[in-house]
Amino acid sequence: MKSLFCLLLLGLSFSAAVAQQKTAGKMAGNAEATKAELIKLDQEWGAAAVRNDVEFERKFVADDCLFTEADGTVMTKAQMIQEAESGKSKTTANQPSEYNVRLLGPDMAIIRHNTTATSTDNGKDTSGEFRRMHVVVRRNGRWVVIDSQSVRVGPVTMAVKQ
């Protein structure tokens with residue numbers, strides 16, 4: 001009985017290792033293309049904000065997404081859409097730079113980048129330099145943002161610890 005259990009455990013371990021190798025191989029082959037796709041989607045999202053294209057935001061942002069804004073407030077997707085539709089929040093320029101995309105599997109990634117934005121909120125100038133981070137997942141065959149954070153910074157360059 002003990003040897004049967006050991007054989008079963010060994011078989012399960014081997015199966016898990018093979019599955020993990022297949023996933024890693026698949027990711028490695030598509031990693032650069034996936035990173036480029038995610039950067040393009042993020043740039044389109046920034047351009048959609050400038051155009052006040054709420055429909056793009058409805059599609060690219062998951063219904064359960066939370067946004068942590070540079071001032072520390074947390075908003076839901078519904079609140080973000082309501083703000084955009086009301087005209088209270090306006091972005092007139094958005095220049096992203098220095099992307100870093102980390103793939104955490106075939107269907108999950110973290111996008112980090114810097115951006116320079118010209119914007120207002122309730123008539124108050126909120127323009128500045130920001131460091132942004134988005135968690136994206138692939139749901140029903142398309143990428144969506146499930147969490148986003150923005151931090152106000154001065155002119156920066158992306159630093160990566162080695």
Side-chain angles (χ1 to χ4, degrees), residues 16 19-20 22-153 156 158-161:
Q20 188 176 15
K22 284 182 180 179
T23 301
K26 181 179 176 185
M27 279 182 50
N30 297 327
E32 293 309 312
T34 300
K35 288 178 181 182
E37 176 187 8
L38 290 170
I39 290 170
K40 183 177 183 231
L41 277 168
D42 184 78
Q43 291 170 338
E44 289 173 1
W45 187 20
V50 172
R51 294 189 313 272
N52 201 30
D53 183 349
V54 176
E55 287 309 309
F56 182 92
E57 293 177 331
R58 276 192 175 102
K59 291 177 187 170
F60 187 52
V61 176
D63 290 340
D64 58 342
C65 183
L66 291 176
F67 298 88
T68 304
E69 298 298 324
D71 66 0
T73 60
V74 177
M75 293 187 358
T76 64
K77 174 185 177 177
Q79 290 168 318
M80 187 260 313
I81 295 290
Q82 181 182 21
E83 214 173 82
E85 288 178 330
S86 72
K88 290 180 185 178
S89 178
K90 294 182 184 179
T91 301
T92 56
N94 183 4
Q95 186 57 49
S97 64
E98 299 191 44
Y99 278 91
N100 177 283
V101 178
R102 292 175 48 210
L103 300 177
L104 303 177
D107 297 320
M108 184 175 189
I110 296 174
I111 304 169
R112 288 179 181 263
H113 65 88
N114 300 327
T115 193
T116 302
T118 305
S119 56
T120 57
D121 187 21
N122 286 321
K124 180 183 172 194
D125 183 22
T126 54
S127 303
E129 306 248 353
F130 302 89
R131 181 166 290 147
R132 309 228 23 203
M133 182 178 73
H134 315 297
V135 178
V136 294
V137 296
R138 195 181 335 243
R139 289 184 180 165
N140 300 319
R142 62 185 180 85
W143 290 103
V144 293
V145 179
I146 62 167
D147 200 275
S148 181
Q149 183 172 0
S150 192
V151 178
R152 182 178 292 277
V153 295
V156 297
M158 185 76 69
V160 179
K161 288 186 176 181

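Under the 4.5 Å side-chain criterion, counting only non-hydrogen atoms from C-beta, Asp53 is not in contact with Phe60. In this structure, the side chains of Leu104 and Val135 stay at 4.5 Å or more apart for every pair of heavy atoms. Using a 4.5 Å heavy-atom cutoff, the side chains of Met133 and Ile110 are in contact. No side-chain heavy atom of Lys90 sits under 4.5 Å from any side-chain heavy atom of Asn52. Inter-residue side-chain proximity for Lys35 and Tyr99 is flagged as unmet; no heavy-atom pair is nearer than 4.5 Å. Considering only heavy atoms from C-beta on, Arg139 comes within 4.5 Å of Val137 through its side chain. Side-chain contact check for Asp42 versus Leu38: every heavy-atom pair is 4.5 Å or farther apart.
The two atoms that bring Gln79 and Val74 nearest to each other are OE1-O, 4.0 Å, heavy atoms only. The minimum heavy-atom distance linking Asp147 with Cys65 is given by the pair N-SG, 3.6 Å. Among all heavy-atom pairs drawn from Ala109 and Trp143, the shortest one is N-CZ3, 4.3 Å. What you find for Arg138 and Pro106 is that their closest heavy atoms are NH2-O, 2.7 Å. The two atoms that bring Ser89 and Glu83 nearest to each other are CB-OE1, 3.3 Å, heavy atoms only.
Note that CZ of Arg142 and NZ of Lys59 are 8.5 Å apart. Values are rounded to the nearest 0.5 Å. Between the CG atom in Asp63 and the CD1 atom in Ile146 there is a gap of 12.5 Å [rounded to 0.5 Å]. We find the NZ-OG distance between Lys77 and Ser148 to be 13.5 Å, quoted to the nearest 0.5 Å. The line from OG1 of Thr116 to CD of Glu129 is 3.5 Å long, rounded to the nearest 0.5 Å. Remark: Met75 CE to Thr68 OG1 distance equals 10.5 Å, nearest 0.5 Å. Distance OG1/Thr126 to CG/Asp71: 9.0 Å, rounded to 0.5 Å.
Ring geometry for Trp45 against Phe67 counts as tilted: the plane angle lies between 30° and 60°, on a 0 to 90° scale.
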Report task. Tell me, with the steps shown, if Ile39 and His113 meet side-chain contact (heavy atoms from CB on, under 4.5 Å). Result -> CA-CA 9 Å; Ile39 290 170; His113 65 88; over 6 Å; no
Q.
Between Phe130 and Asn94, does the side-chain contact (heavy atoms from CB on, under 4.5 Å) criterion hold? Intermediate values first, please.
A. CA-CA 10 Å; Phe130 302 89; Asn94 183 4; over 6 Å; no
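Here the side chain of Arg132 pairs no donor or acceptor atom with the backbone of Pro96 at under 3.5 angstrom. Looking only at distances, no side-chain donor or acceptor of Thr73 sits under 3.5 Å from a matching main-chain atom of Glu69. Remark: the backbone N or O of Lys124 is not paired with any side-chain donor or acceptor of Asn122 at under 3.5 angstrom. The backbone N or O of Ser119 lies less than 3.5 Å from a partner atom in the side chain of Ser127, making a donor-acceptor pair.
For Glu85, the CD atom counts as densely surrounded, since its 6.0 Å shell holds more than 12 non-hydrogen atoms of other residues, nucleotides or ligands. The number of heavy atoms from other shown groups lying within 6.0 Å of CZ (Arg51) is above 12. Within 6.0 Å of CD on Gln95 lie no more than 12 heavy atoms contributed by other residues, nucleotides or ligands.
With respect to the salt-bridge test (charged N to carboxylate O, under 4.0 angstrom), the residues Glu55 and Arg58 qualify.
The closest side-chain donor-acceptor pair between Thr92 and Thr118, if any, does not fall under 3.5 angstrom.
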